[in-house]
Amino acid sequence: MVHGEETKDEPWIYSFSRAASLVVTHLICFVFTVFITALSRPGSSLFSWHPFLMTLAFSLFMTEAILLFSPHGSPIKRLPHKTKGRVHWILQVLCVSCAVLGLAAISYNKHLNDKPHFTSWHGFLGLLTVCVVGLQSVAAVPLIYHSLAKGWSLAKLKRYHAASGLVTYLLGSASLLLGLCSAWFTKSVDGYMWYLPALCPVLSALVMMNQVTSSYVAKKRFQS
């Protein structure tokens, strides 16, 4: 979704700090996903699948799909770009699938309990995020089959894909953060301990913003 580009002639301390921040991002997203999984205990109830699947989609799969293209933080950076693209698509399909299933779980759970749907900010933004990630993924099909986008250059399609991918990721992070404000989560985690998991989607979003902005800055410097 958001592709990183390697810059030239940058200070080593900047490269090191950026690589370190990306390694920490991998760790944060993994730990956060494990924490929510342990807290929700998927399978213990119909509702339990909602936080588990949404966290899996937007904290783990989407983050890893983006970081695949980072020259500093990709776990498969030595592999060909085409291979990275295929893995990226696999992770994105998993992300969309988990998001749709997570939305279906909470919708059906509310239906069974005769509760209103999408009345909170978390519910509304979550619905919007699932719709956007689905549309963004479908809109990216011309990147694979370029003949579908007549009159559009591949470079322009990649720019739009990167920009829309960042917006989608920020929506997903905001949805996760609002989910941590729900009654379900605050019953289990309250006080100062709440801020630790809340920092996870915030820090991840900041890292992704830095990756895409630094990518475009690097391109402008290279072209000038």
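Heavy-atom basis, side chains included; hydrogens, waters and symmetry copies ignored. All residue numbers refer to positions in the sequence shown, counting from 1.
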Does a side-chain heavy-atom distance below 4.5 Å link Asn109 with His50?
no
Leu79 to Thr83 - nearest heavy-atom pair and separation
CD1-CG2, 4.0 Å
Using side-chain heavy atoms (C-beta onward) and a distance below 4.5 Å, is Val207 in contact with Leu203?
no
Is there a side-chain contact between Leu67 and Ser74, using heavy atoms and a 4.5 Å cut-off?
no
Is the backbone N or O of Gly179 less than 3.5 Å from a side-chain atom of His122, with the two atoms forming a donor-acceptor pair by type?
yes
Consider only side-chain heavy atoms of I, L, V, M, F, W and Y, link residues closer than 4.5 Å, and tell whether Val96 and Leu176 are in one cluster.
yes
State plainly whether one hydrophobic cluster holds both Tyr195 and Phe185, where clusters connect Ile, Leu, Val, Met, Phe, Trp and Tyr through side-chain heavy atoms under 4.5 angstrom apart.
yes
Ring pair (Phe, Tyr, Trp, His ring centres under 6.0 Å) involving Trp152 - partner list, sequence neighbours excluded:
Tyr160
Heavy atoms from other residues, nucleotides or ligands near CH2 of Trp184 exceed 12 (cutoff 6.0 Å)
yes
Main-chain N/O of Phe69 paired with Lys77 side-chain donor or acceptor, under 3.5 Å:
no
Can a donor-acceptor pair be found, under 3.5 Å and without considering hydrogens, that links the side chain of Asn210 to the backbone of Leu206?
no
Partners meeting ring pair (Phe, Tyr, Trp, His ring centres under 6.0 Å) with Trp89 (sequence neighbours left out):
none
Where Cys98 and Leu56 come nearest, the two heavy atoms and their spacing:
SG-CD2, 3.8 Å
List the steps, then state whether side-chain contact (heavy atoms from CB on, under 4.5 Å) holds for Trp194 with Cys181.
CA-CA 9 Å; Trp194 180 87; Cys181 299; 3.8 Å; yes
Heavy-atom side-chain proximity of Leu170 to Met209 below 4.5 angstrom
yes
Between Thr129 and Ser175, do the side chains contain an N or O donor and an N or O acceptor separated by less than 3.5 Å?
yes
I need the Phe118 CZ to Leu125 CG distance, nearest 0.5 Å.
12.0 Å
Give a yes or no on whether the backbone of Leu60 and the side-chain of Thr63 come within a donor-acceptor separation of less than 3.5 Å.
no
Hey, any chance Leu180 and Phe47 share a hydrophobic cluster, counting ILVMFWY side chains that come within less than 4.5 Å of each other, even indirectly?
yes
If hydrophobic clusters are built by linking Ile, Leu, Val, Met, Phe, Trp and Tyr wherever their side-chain heavy atoms come under 4.5 Å apart, do Leu199 and Val34 end up in the same one?
no
Main-chain N/O of Pro51 paired to Ser40 side chain as donor or acceptor, under 3.5 Å:
no
Would a hydrophobic clustering, with Ile, Leu, Val, Met, Phe, Trp and Tyr connected at side-chain separations under 4.5 Å, put Leu128 with Val133?
no
Below 30° counts as parallel, above 60° as perpendicular, anything between as tilted: where do the rings of Phe124 and Trp121 land?
perpendicular
Is Phe35 close to Val189 at the side-chain level, that is, under 4.5 Å between some pair of heavy atoms?
yes
Between Phe58 and Pro201, is any pair of side-chain heavy atoms under 4.5 Å apart?
no
Measure the CG-CD1 distance between Leu68 and Ile90 for me, rounded to the nearest 0.5 Å.
10.0 Å
Please report the closest heavy-atom contact between Met54 and Leu103, naming both atoms and the distance.
CE-N, 3.4 Å
Search all heavy atoms of Met62 against all heavy atoms of Tyr169 and return the closest pair with its distance.
SD-CD1, 3.4 Å
Nearest 0.5 angstrom please: Leu178 CG to Ser182 OG, how far?
9.5 Å
Step by step, work out the side-chain contact (heavy atoms from CB on, under 4.5 Å) result for Val132 and Val167.
CA-CA 9 Å; Val132 170; Val167 171; 5.5 Å; no
Do Val87 and Glu64 come within less than 4.5 Å of each other through their side chains, counting heavy atoms only?
no
All heavy atoms of Ala198 vs all of Leu177, minimum pair found to be O-CD1, 3.7 Å
Check: His88 side chain, Ala65 main-chain N or O, donor-acceptor pair, under 3.5 Å
yes
Nearest 0.5 angstrom please: Arg159 CZ to Leu154 CG, how far?
10.5 Å
Let me confirm one number: the CD1-OG distance from Ile36 to Ser48, rounded to the nearest 0.5 Å.
12.5 Å
The reported gap from CG in Leu39 to CZ in Arg41 (rounded to nearest 0.5 angstrom) is 9.0 Å
Do Thr55 and Phe32 have side-chain heavy atoms sitting under 4.5 Å apart?
yes
Side chains of Gln136 and Thr168: any donor to acceptor distance under 3.5 Å?
no
Listed by chain and number, what are the side-chain hydrogen bond (donor to acceptor under 3.5 Å, both in side chains) partners of Ser204, not counting sequence neighbours?
none
Restricting to non-hydrogen atoms, name the atom on Met193 and the atom on Pro197 that form the minimum distance, rounded to 0.1 Å.
O-CD, 2.9 Å
